[in-house]
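Scope of the values below: all heavy atoms of this structure, side chains included, with no hydrogens, waters or symmetry mates. This one's a predicted model, so the numbers in the text were calculated from it and none came from an experiment. In what follows, chains carry the letters A, B, and so on, assigned in the order in which the sequence lines appear, proteins first and then strands, with residues in each chain numbered from 1.
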2 protein chains.
Amino acid sequence: MGISDRKEREKQEMKKLIIDAALRMFVEDGYEKTSIRNIADRIEYSPGTIYLYYKDKDELLYAVQKEAFSKMLETFQREATSRSPWKRLEQIAYSYVNFGIKHPDLYDLMFIIRAPMNTAEEKGDWDNGDACFNYLTDTIGECMEKGLLRYSDPRVAALSIWSMGHGLVSLQVRCRFKVMQLSDDQVSNMIHLSIKEFLRTIKA
Amino acid sequence: MGISDRKEREKQEMKKLIIDAALRMFVEDGYEKTSIRNIADRIEYSPGTIYLYYKDKDELLYAVQKEAFSKMLETFQREATSRSPWKRLEQIAYSYVNFGIKHPDLYDLMFIIRAPMNTAEEKGDWDNGDACFNYLTDTIGECMEKGLLRYSDPRVAALSIWSMGHGLVSLQVRCRFKVMQLSDDQVSNMIHLSIKEFLRTIKA
DNA sequence: CAAATATACTGAACGGTGTTCAGAAAATCC
DNA sequence: GGATTTTCTGAACACCGTTCAGTATATTTG
């Protein structure tokens, strides 16, 4: 049945066409400001068509999230490759924060937006999200085996390190550091100083 | 002119009536899900009336934010009163995180929602927000004077400590810790362990 | 190849949103 | 008590996510 193969292929192509447009528009204008109608316009289909491929706008978000996490994982695999677990942990930290600062709208979709796991319980797969998380936990595991971290529980270590990174990025992305009345360069500098300092303090 | 005094008073009462309803509904249902029409219904006025007192929905958010920051400041003033700067810093940290966990929707309005300073440049007053921030920076200042902190720059210290607290709360509020596959109690425990550990490591 | 069936797509319609504004209602002034 | 100012209303506008009867296209059948 070559004909149904082609149909399946066309269906996947259509899904990709939609999600590519959605990703571009989410990043350009943000999730909330991007409407199904706009996406439909961009790919020159009617709004209803999108619902033949994705159940609702949330499912579009999940798909884009998946792409974003895949992108982040690639970044880790490119930038955090040191054989030394401790050095790799440092690389991951900087990689993570730089990713967030460089792609604030992607970061928004991945870690700030209210949507995925707060309602959808079973959606807890978090597709490529856990792969990124594992990249961190594996490295932390190695560090702890070699006694390079001042933590006693690797889960607490992971939670702490992630929180510090996320705190820095998300306060920056949401412009909350404005209260400090510093220039953009100064804030950027201090974010990196914060990571540096934090890494120093958690090192055994 | 007693009559215009009364008018002014009535105007302020009306503003309070609106903002009280808005606060309650923002906390109950969240900012996005609360509509101007719903608020109008609740206070038994027409939707248009609200626009006579607040320019748009964002201005309602600013007003509610102001109340929320005032509430947080009160919490600090109640829970972080130690004469010892270091102990006070610890109290602030726990106070902050507990506030966020206890009032996730308020915390959302204050630190996560996209709205205030990203567009409104001059709104950078952040009314009572800076008062909360000052409560932190003042304490950090005292700590550093007495050489109780391992940081060399008090601004980096403030940025780091705030980021850690915010990271913990906001990842929890947005359910991102679900990827760790822990029970609610375990997460809650580890959040507190994280603060404890963090405070230990930054202490001189 | 033509008719019948199955698939893909459309776009109007539904109930919602924030916001505006002409006009009605109420309060104040003279 | 009539004119004027202030306050309030609610229909209207342009959007939103989502649904679904109906049309257009493609495939299968006779």
Parallel, tilted or perpendicular, as decided by the 30° and 60° cut-offs, for the rings of A/Trp162 and A/Phe133: tilted
Describe, in one word, how the ring planes of A/Phe26 and A/Tyr31 are oriented to each other, choosing from parallel (under 30°), tilted (30 to 60°) and perpendicular (over 60°). perpendicular
For B/Ser35 and for B/Glu10, locate the closest nucleotide of DNA chain C by heavy-atom distance; then report the residue assigned to the nucleotide nearer the 5' terminus. B/Ser35
Between B/Ser46 and D/dC8, is there a side-chain N or O to OP1/OP2 distance below 4.0 Å? no
Could you check how far OH of B/Tyr31 sits from P of C/dT17, rounded to whole Å? 14 Å
Using a 4.0 Å cut-off on heavy atoms, which residues in residues 50-57 of chain B reach DNA chain C? List them by number, or say none. B/Tyr51, B/Asp56, B/Lys57
Give one of base, sugar-phosphate or nothing for A/Thr49, where a contact means two heavy atoms less than 4.0 Å apart. base
Using heavy-atom distances to pick each residue's nearest nucleotide on DNA chain C, tell me which of A/Tyr45 and B/Pro47 is more 5'. A/Tyr45
Ring geometry between B/Phe198 and A/Phe198 (parallel below 30°, tilted from 30 to 60°, perpendicular above 60°): tilted
Whole angstroms only, please: what is the CE-P distance between B/Met14 and D/dT6? 17 Å
5'-most by nearest nucleotide on DNA chain D - B/Lys11 or B/Gly48: B/Lys11
Separation of C/dT17 atom C1' from B/Asp29 atom CG, nearest Å, is 15 Å
Heavy-atom neighbours of A/Lys15 NZ exceed 12 at 6.0 Å: yes
Could you tell me the separation between the NZ atom of B/Lys33 and the P atom of D/dG17, rounded to a whole number of Å? 15 Å
Whole angstrom is fine here: how far is it from CD in B/Glu13 over to C1' in D/dC8? 17 Å
Side-chain-base donor-acceptor pair under 3.5 Å for B/Arg37 and C/dG16: no
For a quick test of reading the model: is some side-chain N or O of A/Asn38 closer than 4.0 Å to OP1 or OP2 of D/dC16? yes
Between atom CD1 in A/Ile18 and atom C1' in C/dC9, what is the gap in whole Å? 12 Å
Could you walk me through whether B/Asp20 and B/Ile43 pass the side chain to side chain contact (heavy atoms under 4.5 Å, CB included) test, one step at a time? CA-CA 10 Å; B/Asp20 283 352; B/Ile43 61 172; over 6 Å; no
Do B/Arg42 and B/Glu28 sit within salt-bridge range, that is, some charged N less than 4.0 Å from a carboxylate O? yes
About how many Å separate NZ of B/Lys196 and OG1 of B/Thr201, when rounded to the nearest 0.5 Å? 13.0 Å
For A/Ile36 and D/dT19, give me the distance from atom CD1 to atom P, rounded to whole Å. 11 Å
Nearest whole angstrom, please: distance from the C1' of D/dG17 to the CG of A/Asp58. 11 Å
